[in-house]
Amino acid sequence: MIRIAIANQKGGVGKTTTAINVATALAATGWNTLLVDLDPQGNASTGIGVSAADREYSTYDLLVDGAPLRQCVVGTSIPNLDLLPATVDLSGAEVELVSAEDRTHRLGKALSVENPYDVCLIDCPPSLGLLTLNALTAADTLLVPLQCEFFALEGLSQLLQTVERVQQRFNPELGIIGIALTMYDRRNRLTDQVSEDVRSVLGQLVFETVIPRNVRLSEAPSHGVPALIYDHACAGSRAYMALARELITRLPEKRKAA
Ligand code: ADP
Ligand code: MG
């Protein structure tokens with residue numbers, strides 16, 4: 001199972017939207033996919049249609065109580081796509097785990113069991129705290145959604161420093177699969193400028209696919225389905241399908257055969 005963390009310590013940059021829709025696109029191509037909700041807000045869980053009442057076990061139980069993966073996972077309405085849901089309890093996990101010796105490795109250990117998945121996407125909370133550290137320690141690689149706005153690059157350097165720290169201390173194999181520009185608005189000159197700047201600094205690391213600002217993407221979660229299901233032909237859905245294809249081409253050969 002290849003593990004991809006979707007992280008950026010800024011809130012509202014499109015992490016959850018990216019996690020849900022890329023997971024759906026991968027599932028649609030036949031990959032057995034697990035979406036891990038690592039944000040106490042549980043937006044990925046709600047957005048994929050798993051209500052709070054259906055989250056008997058969650059990432060909290062997995063991380064804090066050592067509940068086994070298969071017990072915590074639930075199915076979704078999308079074929080090939082399962083969810084490890086999050087509840088508000090997870091907000092206490094950072095404090096409860098603070099003195100645990102293996103506190104940064106909990107998620108990695110929990111995912112390192114025999115399981116039926118080809119790929120797992122981890123939707124991180126908007127911080128660089130213990131939960132995100134767990135995701136980066138557990139992950140093979142990182143996907144960073146970057147909103148096309150003026151301060152985008154500033155936050156990114158802090159994230160890249162954290163990645164370096166994780167590589168040095170916890171997970172030398174951690175890679176960066178790419179940076180995805182989100183909420184691109186071609187009517188806004190500033191977004192164009194930001195996108196140009198980001199590409200000139202980060203070059204090939206930036207995915208060619210750009211996710212446009214698209215109202216269908218923001219409507220879908222309230223219907224409890226990924227945008228890809230809500231309106232598969234809208235510009236946002238098409239962009240996420242293209243992003244998933246591009247992501248697959250960047251994965252190592254042996255994984256692509258999965
Ligand atoms: P994060 O997980 O980084 O906090 P979200 O994916 O939840 O970000 O997105 C923040 C808000 O912006 C949500 O209301 C979401 O529906 C909306 N949104 C995300 N991506 C887009 C987009 N490309 N176009 C329009 N709205 C978007
Ligand atoms: Mg989110």
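One-based numbering, in listed order, for ligands and for the atoms of each.
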**Asked** Looking at side-chain heavy atoms only, is the closest gap between Glu94 and Val98 below 4.5 Å?
**Response** no
**Asked** Atom CE in Met1, atom CD1 in Ile4: separation rounded to 0.5 Å?
**Response** 10.5 Å
**Request:** Can you sort out the partners of Tyr230 under ring-ring contact (aromatic ring centres under 6.0 Å, His included), two or more places apart, ordered by chain and number?
**Result:** His223
**Prompt:** Is there an N/O/S atom in Asn43 that lies less than 2.8 Å from the Mg ion (ligand 2)?
**Reply:** no
**Item:** Arg70/Glu114 ion pair, N-O < 4.0 Å
**Value:** no
**Message:** Apply side chain to side chain contact (heavy atoms under 4.5 Å, CB included) to residues Tyr57 and Leu84 and explain how you reach the verdict.
**Reply:** CA-CA 8 Å; Tyr57 296 97; Leu84 182 54; over 6 Å; no
**Prompt:** Are any non-hydrogen side-chain atoms of Leu97 and Asp102 less than 4.5 angstrom apart?
**Reply:** no
**Asked** ligand 1: which residues have a non-hydrogen atom closer than 4.0 Å?
**Response** Gly11, Gly12, Val13, Gly14, Lys15, Thr16, Thr17, Met183, Ile211, Pro212, Arg213, Asn214, Leu217, Ser218
